[in-house]
Number of protein chains: 2
Amino acid sequence: MRDASETRRKIQHEALRLFVDRGVGGTTTRDLAQAAGIAEGTLYRHYESKDALVWDLFSTHYATFAHRLTARASKCETFAAKLAAIVAEFCRFFDAEPVLFRFLMLAQHQALPRITNDSDNPVEVVQTIIATAIGRGEIPAQPTGLAATMVLGLLLQPAIGLVYGRVEPPFSQYAETIATACLKALGSDHHA
Amino acid sequence: MRDASETRRKIQHEALRLFVDRGVGGTTTRDLAQAAGIAEGTLYRHYESKDALVWDLFSTHYATFAHRLTARASKCETFAAKLAAIVAEFCRFFDAEPVLFRFLMLAQHQALPRITNDSDNPVEVVQTIIATAIGRGEIPAQPTGLAATMVLGLLLQPAIGLVYGRVEPPFSQYAETIATACLKALGSDHHA
DNA sequence: TCTCTGTGAGTGAGTGATTGCTCACTTTGC
DNA sequence: GCAAAGTGAGCAATCACTCACTCACAGAGA
């Protein structure tokens, strides 16, 4: 047999690139096959459908990222430290794997109906940490849904700004600024 | 003659609804014709192509919104007041015309390459106001691109949260909270 | 008042291109 | 020799768009 896992890796890699470049709808199965250097039929030895490929790429990396956020945050005691860790992880991820990051951002909207509100969800991770901080009195009581979306907005919108050249790379240089902005926006007293 | 402008209005109204519901790519010209109660060919009496329809809807409303933001902000003196006016206008717009607001958000990504960085652009409006505030010493010096995207993130991400049920409507109830969060995030000393 | 007529609005079956996907087949390597 | 991996022409479905045609109606002329 030839190395199937290597072929699979190539499909995944090229698919991410093309999806980000042309969008999911703008990428045909022929494009995918050609970019991966395989025949169109081979795609279907590895994935049941184009949609299954998109969903596999999204759900796998989305959950992995959520787990990494949880792991980083759990090593910190205070809310300020947890938040700083999460923001830093976001920035590091964007700088290290911009294609993957952008794919998760663009696929999110079309995949959102299938996303469950569990711990595999970065949004839920942030919201849980905020709820805990409120419980501990580290930040004022406030709707956790609003607070979580504000924090994500402070992260995602600058990321989009980076993609479209409105913000200068690398993203990581703004990690402290953004973390501080999040703390202030949530009304923390402990910010630097 | 029959009333062409009425037909055009119906096309625009139904197109917005369908584009938000199913996405632009997920809406066919047959869908559009059926929803508007006309034949498919009639679409092409009013628009050169499906893409022209999308672009017309986007560019018109995008620019109108930007002008409204500029008008509201120009009535205020201080940066804090301008920002509050902009945030309030955003929230009001979302509550009053959620379908149109959501269309502008979703179409932005596919229309972004065609968007010019002029005063018809809400992003540019916010960035200009921030630059002025820095020049006046109302907020600390900082990269305006980053600052503008942070403010927009504090507005757009909660709006997305509203769409997906993570935040409770109406949006306007959070206007003051968000405006204050923006001021704090930008390092203003004048926030309440 | 009544017809005639020019024209812009509206129609929908049809077209060619493209799409995601299939399957009978070949190649590869154990 | 056999099973897994790979192939690519071809299929059915769908798409945006076209075009020869009909319709509605305002104004002109009788």
Side-chain angles (χ1 to χ4, degrees), chain A residues 1-60 103 106-114, chain B residues 1-60 103 106-114:
Chain A
M1 294 184 282
R2 284 151 285 186
D3 188 355
S5 70
E6 176 54 30
T7 304
R8 213 181 158 88
R9 260 180 24 85
K10 201 156 196 174
I11 291 173
Q12 293 172 340
H13 182 262
E14 295 300 322
L16 282 177
R17 205 175 52 78
L18 287 173
F19 287 158
V20 168
D21 247 40
R22 318 180 185 178
V24 172
T27 304
T28 69
T29 50
R30 277 183 240 285
D31 292 336
L32 289 169
Q34 189 177 12
I38 57 171
E40 217 179 332
T42 308
L43 278 177
Y44 294 88
R45 293 260 178 235
H46 296 272
Y47 292 97
E48 209 170 284
S49 66
K50 178 185 167 184
D51 198 61
L53 167 61
V54 174
W55 178 246
D56 176 66
L57 285 173
F58 178 79
S59 61
T60 303
F103 170 73
L106 81 84
Q108 197 167 18
H109 285 279
Q110 77 181 72
L112 260 177
R114 298 170 74 173
Chain B
M1 285 187 290
R2 283 150 287 186
D3 188 355
S5 70
E6 176 55 29
T7 304
R8 214 180 155 88
R9 259 181 23 84
K10 200 154 196 175
I11 292 172
Q12 293 172 340
H13 182 261
E14 295 299 322
L16 281 177
R17 205 175 52 78
L18 288 173
F19 287 159
V20 167
D21 247 39
R22 318 180 184 178
V24 173
T27 304
T28 69
T29 50
R30 275 183 245 283
D31 293 335
L32 288 169
Q34 189 177 12
I38 56 171
E40 217 179 332
T42 308
L43 277 177
Y44 294 87
R45 294 261 177 234
H46 297 272
Y47 293 96
E48 209 170 282
S49 65
K50 179 183 167 185
D51 199 59
L53 167 60
V54 174
W55 177 246
D56 176 65
L57 286 173
F58 179 80
S59 60
T60 303
F103 171 72
L106 81 85
Q108 197 168 19
H109 284 277
Q110 77 181 74
L112 261 177
R114 298 169 74 174

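By convention in this document, chain letters (A, B, ...) are assigned in the order of the sequence lines, proteins followed by strands, and residues within each chain are numbered from 1. Everything numeric in this text was worked out from a predicted model, so none of it was measured.
Atom CZ in B/Arg8 sits about 15 Å away from atom C1' in C/dG10, given to the nearest Å. In this structure, B/Ile38 atom CD1 and C/dG8 atom C1' are separated by 15 Å, rounded to whole Å. D/dC15 atom C1' lies 12 Å from atom CG of B/Leu32, rounded to whole Å. Taking atom CD1 on B/Ile11 and atom P on C/dA9, their separation rounds to 11 Å, with Å as the unit. The CD atom of B/Glu6 sits 14 Å away from the P atom of C/dA9 (whole-angstrom rounding). Counting to the nearest Å, the C1' atom of C/dG12 and the CD atom of B/Gln34 are 13 Å from each other. Atoms CG (B/Leu43) and P (C/dA9) sit 14 Å apart, rounded to a whole Å. Protein atom CG of B/Asp3 is 13 Å distant from nucleotide atom C1' of D/dA24, rounded to whole Å.
At distances below 3.5 Å, not a single donor-acceptor pair connects side-chain atoms of B/Lys10 with backbone N or O atoms of B/Ser5. Judged purely by atom type and a 3.5 angstrom limit, B/Thr27 uses its side chain to pair as donor or acceptor with the backbone of B/Leu18.
For the residue pair B/Asp31 / B/Thr29, no side-chain donor-acceptor distance below 3.5 Å is found, with atom types taken as modelled.
When every heavy atom of B/Lys50 is checked against every heavy atom of B/Phe19, the shortest pair comes out as CE-CE2, 4.5 Å. Considering all non-hydrogen atoms of both residues, B/Leu57 and B/Ala15 come closest at CD1-CB, 4.0 Å.
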Exercise. What does nucleotides 20-27 of chain C look like as a protein-contact string, B for base, S for sugar-phosphate only, - for none, at under 4.0 angstrom between heavy atoms?
Worked result: BBB-B--B
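Regarding contacts with the backbone of D/dA5, every side-chain N or O of A/His46 stays at 4.0 angstrom or more from both OP1 and OP2.
In this structure, A/Arg17 forms no cation-pi arrangement with A/Phe103, as its terminal cationic atom is not both closer than 6.0 Å to the ring centre and no more than 45° off the ring axis.
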